[in-house]
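Down below is the structure, laid out as structure tokens.
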Protein chains: 2
Amino acid sequence: MNAPAVEVTEPANRRAGGRLGRKVLRGIPMGSFPTLVRKIPVYEMVPDEAVELIHQESLSILEEVGCEFRDDEAIALWRAAGADVSDTRVRIDRALLMELVSKVPSEFTLNARNPQRSVRVGGNNSIFVPMYGAPYVRDLDNNRRYGTLADLQNFHKLSYMAPALHSSSSVICEPMEIAVPKRHLHIIHSALKHSDKPFMGIVTSKERAEDTMAMAGIVFGEDYVRDNPVLVSITNCNSPLVWDATMLDAMKVYARHNQPLILAPFALCGASTSASAVGAVAQVNAEALAGVAFTQLLRPGSPQLYGQFMVTVDMKTGAPMGGTPEAAQMMYLMGALARKYRLPWRTSGFHVGSKLNDAQAGYESNMLMHAAILSGANYIWHSAGWLEAGLTCGYSKFATDCEQLVGWYKYAGGLPFDDFKEAMAAIREVGPQGHFLGTQHTLEHFESAFFMPSIMDFNSFEQWKVEGAKDHDTRGREKARNMLADYEEPKLDEGIAEGLTDFIARREEALPNSVS
Amino acid sequence: MNAPAVEVTEPANRRAGGRLGRKVLRGIPMGSFPTLVRKIPVYEMVPDEAVELIHQESLSILEEVGCEFRDDEAIALWRAAGADVSDTRVRIDRALLMELVSKVPSEFTLNARNPQRSVRVGGNNSIFVPMYGAPYVRDLDNNRRYGTLADLQNFHKLSYMAPALHSSSSVICEPMEIAVPKRHLHIIHSALKHSDKPFMGIVTSKERAEDTMAMAGIVFGEDYVRDNPVLVSITNCNSPLVWDATMLDAMKVYARHNQPLILAPFALCGASTSASAVGAVAQVNAEALAGVAFTQLLRPGSPQLYGQFMVTVDMKTGAPMGGTPEAAQMMYLMGALARKYRLPWRTSGFHVGSKLNDAQAGYESNMLMHAAILSGANYIWHSAGWLEAGLTCGYSKFATDCEQLVGWYKYAGGLPFDDFKEAMAAIREVGPQGHFLGTQHTLEHFESAFFMPSIMDFNSFEQWKVEGAKDHDTRGREKARNMLADYEEPKLDEGIAEGLTDFIARREEALPNSVS
């Protein structure tokens, strides 16, 4: 339990500084938050011996059963490293595995095109990242339909505007009207153009990963992106125990550029894992570690993210669920394992099974974010927009989540003790049966003391009725619409903007209009 | 961090027992759950030195400022005990205060009329209790209107049926059509008749508290209820620092019957406390300790519940908020203080500011319940039905919360390691790229491995649409309606039932029809 020390500043000294910093933490600021530095301890749900037990079982699985790596180059690398290779099956002994894993830095800086938006990943640092990959949107009129480039641009704009989001992700929703072979160009272009925060890479083929790096090079400089992390990319293990060629191709491109990958099994617990939460964690841990180790064969010392996406499966219908108790419990275990390995780690925040931004979405979202924060996750993905097991990105859900993140940012910032003496002086001043609204302490602190959301409604019933008796979902859509109306683009340098459009035009020439 | 040891049972031994127990914990059972025994550690958000600091400040407040006790008998008792009394102001030195507080037992049994529904309060035990005090209901047709006796009876029926609720509360909603002076008789009658779980007392006057005890005596035996806890009653301190005559009257009746009271300041943080979360906790702690200490002047060794109800206030409108980050943070502090004093403690679970059972309600509810569970609360009140800062009890919210509680019961039951070896054997059996649906382990565990809610919907979008594209709120109302259709009354012994109706008739004769 790494509880931080309490700092109680005497009133006289406190006035000297820190007021501005506290305002940012306490109120809802207009700008963008820096990296969240968690000031609260992590929650260890199980004792160390349980973590060790899972760890040992994971290593045994990799030694005895091994993991598939379906790519010739990957197999050659593993053989050269001394693993026990048979066809595409790689059995990795625990000494080799842990030696490779230990090469991963425990923290790294993820650089944004606006240096003020660069963030730190690992250790006590956490960042919030919006969702990824939805073919559908639930739009500003509450219709569910295919996503478009205009939607994607809107979500990049919202990501830029949301103070507690630290990334613009990339393919928040799919721009379905654009041909698949060319789509990645427009996704990355939109992310780079509409926001100045870090973003995410494309992983669906080697060529698309290379295009992503080329576009990043136009913005950051080709040399710069050979060594400096500017984007994060997801590679999912096919549970159980398969790293396929597509994922390995993406890994090769990005890891060799020193760009961090998320090595994250996508586990449907009960179907692609056993029907045991602890068993699922042991398996996913083995899969993630195998992926992490492989990246260190590609580029030793490259920054990586250990991670997981684990949902339980409705054992009657096979449907994935979202914010269930077991999903939270498994997150705590993964966090403990990540700390054991000193790896930066990724989990998911607000991901739900709900079709709508309704009560179910709220219960599910908060179940997972609470666990993400208390388990010390560093890269908290799917923290805005996610509905329907990821099939849909909702405008209302997106705006709602952005507001909730401000609360979580405050929550993880811990309890401010700096004005404690003043607060106690206020009690002495007020005495029994008084009220505090006129005290000096209240006047100084009322704007910043407590989380003040705007989509959530705490007005009287009568006031709420006069304002249209709107449910949260409706208010969320209105908020998204209002935010978009206020958007101002963080312009790229003109030469860079042209460089990007030229590159896209050239690549569109070269690429086919259909996959076949 | 009191993390429990992990028990990994070898498959051969495991089969010998515990299967039934695990089924109850894992699946959604038909019956009633026993007391929740938390098997996960508590979360200490701040280090011990911070808890000590708050503790010391609270004691200083009670010594220097003191607390109002607005009742002659209370003042006489305090004077006799050696407190510094001036008019109604009582200044309590820390030695006296802590000596009185130390007399409270750290655990007690709360007895139900059906002994199988008796529960244990304190230590690692938690119970879930439905809400209390709503003048309005949001009904089965989604209309907001005054509560009636029929509504109250319905909520008592639902409390009886919900497996994870451990109490029937009492005045879940107000039966507004019944004259105030007679209302309490019908509230207690309904709780005792429609459910066999523990319940709650009436505190609005000495006479009504005595009627409550008389009715409890008819059911449990007059002698029995002189010493054995069968109900819990709420007494709120008027923050800041006032215990008023009505509350003190109720305390006198119940504590002298050895019936536990909740000593809980109702704090609107920022208005009735300073605009500081830590300052608010220090004040509320002082208020609660003063109340707890007073009960021990009435009956030393009587069981009591330390507690709090703390919501932050929207500093622009004065409106109380519900599930905010600060509310959760303050809960963790109160839990740490309760453990320091070894006092059973009460907090609130699913209480929200939302008018509807919508996304806001979900976010707020889960924010607080997560904190209630991880802060080790023993009496988790307002765990079903609460909307609109307590003004309204919603049928949909009630049913939703009952389902969510099953998940929280599982969550707090911890991660089962008993089938871990079997789960790992399943991974070896399946190997890479297999699936687990046909393994022996899955066949044995698929029904009970994961939380399987029914109001939450995880079907495909298409299936959900075919079923009417209902939001969670609508599904919650349907669930409540269906539950009520299945209700079967746990009949009272005929003589007892008659005794109650005779008592009510007699008291109704004697009582006026208006408060005048």
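Letters A, B, ... are given to chains in the order of the sequence lines, protein chains preceding strands, and every chain is numbered from 1. Basis for what follows: all heavy atoms, side chains included, without hydrogens, waters or symmetry-related copies.
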Check: S354(B) and M456(A) side chains under 4.5 Å, non-hydrogen atoms
no
Atom group of E57(B) that falls short of 4.5 Å from chain A, counting heavy atoms
both
Side-chain heavy atoms of L374(B) within contact of L374(A), under 4.5 Å:
yes
Any L356(B) side-chain heavy atom under 4.5 Å of H472(A) side chain:
no
Quick check on Q329(A) against chain B: is it the side chain, the backbone, both or neither that has a heavy atom closer than 4.5 Å?
both
Are Y43(B) and E44(A) side-chain neighbours, meaning at least one heavy-atom pair lies under 4.5 Å?
no
In terms of relative ring orientation, are Y411(A) and Y332(B) parallel, tilted or perpendicular, with 30° and 60° separating the classes?
perpendicular
Pairwise side-chain contact, S365(B) with Y363(A), heavy-atom cut-off 4.5 Å (strictly under)
yes
Is a donor on one side and an acceptor on the other found under 3.5 Å between the side chain of K355(B) and the backbone of S460(A)?
no
Going by heavy atoms in the side chains, are M452(A) and D314(B) under 4.5 Å from each other?
yes
Below 4.5 Å, heavy-atom pairs only: which of A277(B), A271(B), S272(B) has the largest tally toward chain A?
A271(B)
Answer whether the closest heavy-atom distance between the side chains of E326(B) and K410(A) falls below 4.5 Å.
yes
What pairs of residues pass the side-chain hydrogen bond (donor to acceptor under 3.5 Å, both in side chains) test when at least one of them lies in residues 273-282 of chain B, not counting sequence neighbours?
none
Quick check: do R475(B) and Q360(A) have side-chain heavy atoms less than 4.5 Å from each other?
yes
Could you look at V430(A) and say if it's the side chain, the backbone, both or neither that has a heavy atom under 4.5 Å from chain B?
side chain
Report the residues that fulfil side chain to side chain contact (heavy atoms under 4.5 Å, CB included) with L368(B), sequence neighbours left out, ordered by chain and then residue number.
A327(B), M331(B), H351(B)
